[in-house]
Novice: 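Shown below is the structure under consideration.
Sequence lines set the chain letters: A, B, ... in the order given, protein chains first and strands last, and positions in each chain run from 1. Predicted model, so just to flag it, every value in this text is computed and none were measured.
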Amino acid sequence: MVRTRFAPSPTGYLHIGGARTALFNYLFAKRNGGTFVLRIEDTDLERSKIEYEKEIINDLKWLCLDWDEGPDIGGNYGPYRQSERSDFYIKELNKLVDKGMAYKCYCTEEELEVQRKLQLKEKKPPLYDRRCLKLTDKKKQEYISQGRRPSYRFMVPHKFLDYVDLIHGKMNVDTSLISDPIIVKSNGIPTYNFACVVDDYYMGITHVIRGDEHLDNTPRQILIFEALGYNYPHYAHIPMILAPDRTKLSKRHGATSVRELKDMGFVPEAVINYISLLGWSPKENREIFNILEIIERFDFDHILDHPAVYDIEKMKWFNHYYISNILTSEEIIGYLKLLGIDAEVDVMKYRQIVDFEKSRVYLLHEFVEVFNIVNTNFIEYDLSDKSVTQFVNVLKTIYDDLSTMDLSSVQAVKDGLRLIQQKHGLKTPDLYKPLRLALTNKLEGVELPKIIYLIGKENLLKRVQNFIDFVDKKSKV
RNA sequence: GGCCCUGUCGUCUAGUGGACUAGGACACCGGCCCUUCAAGCCGGAGACACGGGUUCGAAUCCCGUCAGGGUCACCA
């Protein structure tokens with residue numbers, strides 16, 4: 001039985017890399033009929049916030065990455081927050097102490113910091129020298145009376161460790177190069193490498209799928225598993241997602257959190273499809289896959305072992321493709337409402353605008369522009385560097401024709417416009433440009449006949465008249 | 001600095017010793033369509049980091065160089 005987990009720490013929003021890690025864990029579990037668990041790693045008391053946990057859960061739900069066990073829904077291997085699992089950690093720490101594989105360290109953070117800097121300065125690897133292992137009882141008493149609280153370190157057995165990474169293949173590590181990690185802090189709270197091992201064991205995790213930045217943690221964790229006498233899970237380290245400047249993705253790069261993507265007008269299906277193809281690719285020569293098709297094809301053989309650079313332009317194309325070719329207008333309206341976009345136009349028009357526009361939209365909020373154009377009562381013209389006197393002349397000439405035009409359908413509008421063209425000997429751009437500018441204050445956008453159909457005759461005439469007045473007034477000044 | 005990982009068009013990638021004149025997608029450029037602008041359709045340009053091997057034959061295997069990334073916390 002396959003069991004995978006996504007284990008975020010609630011110290012910030014879910015970002016694109018985390019989402020991809022969650023996705024791969026989800027995919028592997030689903031592909032193998034296994035279980036996907038969500039575990040919250042909140043051992044950093046200062047930085048962990050319950051709000052972030054809620055945000056991460058919301059974002060995962062938005063992406064439809066459902067878990068089978070987690071802090072919100074429970075399960076047989078709970079609790080699912082590390083802050084609620086102290087009993088497990090204490091029990092396992094005692095085992096290590098009894099075996100002589102963990103020891104108390106009385107060094108202060110400041111002392112450690114000084115030593116580390118010194119080693120780095122001498123261009124030596126910063127290794128802990130195990131000085132607290134040789135402490136006399138007298139010295140210990142002295143530290144204790146000073147009020148020092150010990151942390152616990154894991155005593156790393158020095159050897160050559162062989163293991164297999166499902167993506168990178170055979171690994172061989174000289175563990176004498178690994179510093180004894182602190183596994184329980186002086187405040188009694190376990191650190192990542194220890195809590196992670198204990199939880200992966202007790203939660204029955206069979207496959208640990210995580211980013212490459214954890215590659216160096218793996219030997220430490222395997223060693224702790226071995227010291228405890230437990231079998232360790234399979235490890236699969238997936239390539240990192242890098243920003244366009246080829247460095248680790250961070251807030252300063254912008255548009256990296258799932259929340260931002262959602263607010264920008266991305267649709268979850270497109271985000272999932274795009275990130276699934278970052279570091280993984282199916283055999284077929286195509287790129288559009290729904291989640292079921294991805295699950296069907298997902299395997300470790302086609303996961304790359306080099307990092308991928310994140311390109312938001314390509315993700316926009318996926319978004320465009322999903323909006324125009326895959327999602328129904330109802331689904332799009334659902335997402336618009338989720339964004340709080342509830343245009344003050346009637347239901348029929350809302351639906352019509354979505355139908356008209358979906359084939360050209362890249363980001364959801366582009367619909368808003370159209371809503372606004374249709375809905376507004378007053379357009380503030382910005383004609384700074386457009387030459388408009390000719391436009392006004394055309395509009396004055398055709399004003400009467402517009403007032404008698406049939407607006408009952410888009411086709412009727414098209415026919416009407418063509419008649420006007422013929423009557424006055426106007427080329428298409430000569431008619432369309434002035435009209436578009438008068439109606440929308442723009443020279444590009446939705447198909448003009450659709451706009452005219454949507455706003456209706458009263459608005460059409462009002463806007464054209466306003467435009468003429470505006471330009472006349474301006475030219476007098 | 002030590003250790004680890006990695007190098008195919010600008011970007012995501014196909015490629016597992018011969019089918020490679022290195023394929024696809026985004027972006028870019030050009031054209032078509034046309035009832036504007038888009039969208040769509042068609043086409044173009046664009047890469048095996050470098051140097052040595054191994055081999056009849058290397059993008060593919062080996063070594064070196066260079067480059068990029070990660071990590072060495074009482075963060076996770």
Novice: Reckon A/Gly211 touches a base, only the sugar-phosphate, or nothing at all at heavy-atom distances under 4.0 Å?
Specialist: nothing
Novice: Identify whether the distance between the nearest side-chain nitrogen and carboxylate oxygen of A/Glu293 and A/Arg297 falls below 4.0 Å.
Specialist: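 Salt bridge absent between A/Glu293 and A/Arg297.
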Novice: Quick one, give me the B/S/- string for nucleotides 18-34 of chain B, reading 5' to 3', where B means a protein heavy atom under 4.0 Å from the base and S means that only happens at the primed atoms, P, OP1 or OP2.
Specialist: ------BBSS-------
Novice: Between A/Glu366 and A/Arg360, is there a side-chain N and carboxylate O pair less than 4.0 Å apart?
Specialist: no
Novice: Just the rounded figure in Å: distance from P of B/U71 to OH of A/Tyr192.
Specialist: 12 Å
Novice: Could you state the atom-to-atom distance from CG of A/Asp165 to P of B/G70 in whole Å?
Specialist: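 Rounded to the whole Å, the gap is 18 Å.
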Novice: Determine whether A/Tyr274 and A/Lys314 satisfy the following criterion, side chain to side chain contact (heavy atoms under 4.5 Å, CB included), listing intermediate values before the conclusion.
Specialist: CA-CA 8 Å; A/Tyr274 173 71; A/Lys314 182 144 186 179; 4.0 Å; yes
Novice: Please report the distance, rounded to the nearest Å, between CE in A/Met240 and C1' in B/C12.
Specialist: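 After rounding, the reported distance stands at 17 Å.
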Novice: Please determine whether a side-chain nitrogen or oxygen atom of A/Ser186 lies at a distance below 4.0 Å from atom OP1 or OP2 of B/C74.
Specialist: no
Novice: N/O contacts under 3.5 Å, protein versus nucleotides 35-37 of chain B?
Specialist:
| from | atom 1 | to | atom 2 | distance (Å) |
| --- | --- | --- | --- | --- |
| B/U35 | O2 | A/Tyr432 | OH | 2.8 |
| B/U35 | O4 | A/Arg418 | NH2 | 2.8 |
| B/U36 | O2 | A/Arg436 | NE | 2.8 |
| B/U36 | O2 | A/Arg436 | NH2 | 2.3 |
| B/U36 | N3 | A/Arg436 | NH2 | 2.4 |
| B/U36 | O4 | A/Leu448 | N | 3.3 |
| B/C37 | O2 | A/Gly445 | N | 3.3 |
| B/C37 | O2 | A/Gly445 | O | 2.3 |

Novice: Suppose you measure atom P in B/A47 against the same atom in B/C9; what distance do you get, rounded to whole Å?
Specialist: 9 Å
Novice: Is there a donor-acceptor contact under 3.5 Å linking the side chains of A/Glu92 and A/Tyr202?
Specialist: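 Yes, A/Tyr202 and A/Glu92 have a side-chain donor paired with an acceptor closer than 3.5 Å.
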Novice: A/Phe194 pairs by side-chain contact (heavy atoms from CB on, under 4.5 Å) with which of A/Ile182, A/Asp199, A/Ile189, A/Val184?
Specialist: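 When A/Ile182, A/Asp199, A/Ile189, A/Val184 are each tested with A/Phe194, the side-chain contact (heavy atoms from CB on, under 4.5 Å) holds only for A/Val184.
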Novice: For the residue pair A/Thr43 / A/Arg85, report whether a side-chain donor-acceptor contact shorter than 3.5 Å exists.
Specialist: no
Novice: Given the C1' atoms of B/A14 and B/C26, what is the spacing between them in whole Å?
Specialist: 15 Å
Novice: How does each nucleotide of nucleotides 3-9 of chain B score, in 5' to 3' order, for protein heavy atoms under 4.0 Å: base (B), sugar-phosphate only (S), or none (-)?
Specialist: SSSSS--
Novice: Please state the P separation for the pair B/C5 and B/G43 - nearest whole angstrom.
Specialist: 44 Å
Novice: How is A/Ser324 classified with respect to the nucleic acid when contacts are heavy atoms under 4.0 Å: base, sugar-phosphate, or nothing?
Specialist: nothing
Novice: Considering Watson-Crick and G-U wobble pairs with both distances under 3.5 Å, what does B/U71 pair with?
Specialist: B/G2
Novice: Just the rounded figure in Å: distance from P of B/A73 to CG of A/Asp180.
Specialist: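 It is 12 Å, rounded to the nearest whole Å.
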Novice: For a quick check under 3.5 Å, do A/Tyr163 and A/His234 share a side-chain donor-acceptor pair by atom type?
Specialist: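 No, A/His234 and A/Tyr163 have no side-chain donor paired with an acceptor closer than 3.5 Å.
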Novice: Parallel, tilted or perpendicular for A/Tyr26 and A/Phe36, by the 30°/60° rule?
Specialist: perpendicular
Novice: In whole angstroms, how far is the C1' atom of B/A73 from the CD atom of A/Glu110?
Specialist: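 Distance, rounded to whole Å: 13 Å.
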Novice: Which base, if any, makes a Watson-Crick or G-U wobble pair with B/A19, both distances under 3.5 Å?
Specialist: none
Novice: Would you indicate what A/Asp430 reaches in the nucleic acid, counting non-hydrogen atoms under 4.0 angstrom: base, sugar-phosphate, or nothing?
Specialist: nothing
Novice: In the structure shown, which nucleotide is the Watson-Crick or G-U wobble counterpart of B/A47, with both distances under 3.5 Å?
Specialist: none
Novice: Taking the C1' atom in each of B/C56 and B/G17, what is the distance between them to the nearest angstrom?
Specialist: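 Rounded to whole Å, the distance is 12 Å.
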Novice: Quick one: A/Phe300 CZ to B/U16 P, roughly how many Å, whole number?
Specialist: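 Going from CZ in A/Phe300 over to P in B/U16 covers 22 Å.
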Novice: Hey, is the side chain of A/Arg246 poking within less than 4.0 Å of OP1 or OP2 on B/A67, counting only N and O atoms?
Specialist: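 So the side chain of A/Arg246 is outside the cut-off, no N or O lying under 4.0 Å from OP1 or OP2 of B/A67.
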Novice: Go ahead and name the base partner of B/C41; Watson-Crick or wobble counts if both distances stay under 3.5 Å, otherwise write none.
Specialist: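 Because both required distances fall under 3.5 Å, B/C41 counts as paired with B/G31.
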Novice: Salt bridge check: are A/Glu111 and A/Arg116 linked by an N-O gap of less than 4.0 Å?
Specialist: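 Looking at A/Arg116 together with A/Glu111, the answer is no, because their closest N to O distance does not fall below 4.0 Å.
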Novice: Only pairs with both distances under 3.5 Å count, Watson-Crick or wobble alike; so what is the partner of B/G7 in this structure?
Specialist: B/C66
Novice: Give a yes-or-no answer on whether the side chains of A/His253 and A/Asp245 include a donor-acceptor pair shorter than 3.5 Å.
Specialist: yes
Novice: Between B/A49 and B/U8, how far apart are the C1' atoms? Round to whole Å, please.
Specialist: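 Here B/U8 and B/A49 have their C1' atoms 10 Å from each other.
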Novice: Would you say A/Arg20 reaches B/C12's phosphate, i.e. side-chain N/O to OP1/OP2 under 4.0 Å?
Specialist: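 It does not, given that no N or O in the side chain of A/Arg20 lies less than 4.0 Å from OP1 or OP2 of B/C12.
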Novice: To the nearest Å, how far apart are A/Leu278 CG and B/A14 C1'?
Specialist: 16 Å
Novice: Determine the Euclidean distance between corresponding C1' atoms of B/A59 and B/C20; express it in Å to zero decimal places.
Specialist: 9 Å
Novice: Judged by modelled atom types alone, do A/Gln221 and A/Asn193 share a side-chain donor-acceptor pair under 3.5 Å?
Specialist: yes
Novice: Counting just side-chain N and O atoms, does A/Thr247 come under 4.0 Å of either OP1 or OP2 of B/G69?
Specialist: no
Novice: Look at the aromatic rings of A/Tyr235 and A/His237 and report parallel, tilted or perpendicular, splitting at 30° and 60°.
Specialist: parallel
Novice: Given B/A73, B/C12, B/C75, which nucleotide is nearest the side-chain atoms of A/Ala308?
Specialist: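 Of B/A73, B/C12, B/C75, B/C12 is nearest to the side chain of A/Ala308.
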Novice: Describe the nucleic acid contact of A/Leu304 in one word from base, sugar-phosphate, nothing, applying a heavy-atom distance below 4.0 Å.
Specialist: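 Touches sugar-phosphate only.
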Novice: To the side chain of A/Glu213, which of B/G70, B/U13, B/G1 is closest?
Specialist: B/G70
Novice: Between A/Glu51 and A/Lys49, does any side-chain N to carboxylate O distance fall below 4.0 Å?
Specialist: no
Novice: Check A/Arg131, A/Arg130, A/Arg153 against A/Asp180 for a salt bridge (charged side-chain N to carboxylate O under 4.0 Å, His left out) and give me the one that passes.
Specialist: A/Arg130
Novice: On a whole-Å scale, what distance lies between the P atoms belonging to B/U65 and B/U71?
Specialist: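 Per the computed distance, 24 Å lies between those P atoms.
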Novice: Nearest whole Å is fine: how far is B/A73 C1' from A/Gln115 CD?
Specialist: 13 Å
Novice: For A/His320, report the nucleic acid contact type (base, sugar-phosphate, nothing); a contact means any heavy atom under 4.0 Å.
Specialist: sugar-phosphate
Novice: Indicate, with a heavy-atom threshold strictly under 4.0 Å, whether A/Lys316 touches base, sugar-phosphate, or nothing.
Specialist: nothing
Novice: Looking only at atom C1', what distance separates B/U54 and B/A73, rounded to whole Å?
Specialist: 46 Å
Novice: Reckon A/Cys105 touches a base, only the sugar-phosphate, or nothing at all at heavy-atom distances under 4.0 Å?
Specialist: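 Here A/Cys105 touches no strand at all.
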Novice: Just by distance, no angles: are the side chains of A/Asn273 and A/Glu269 close enough, under 3.5 Å, to form a donor-acceptor pair?
Specialist: no
Novice: Which residue lies toward the 5' end of RNA chain B, A/Pro125 or A/Ser281, if each is placed at its nearest nucleotide?
Specialist: A/Pro125
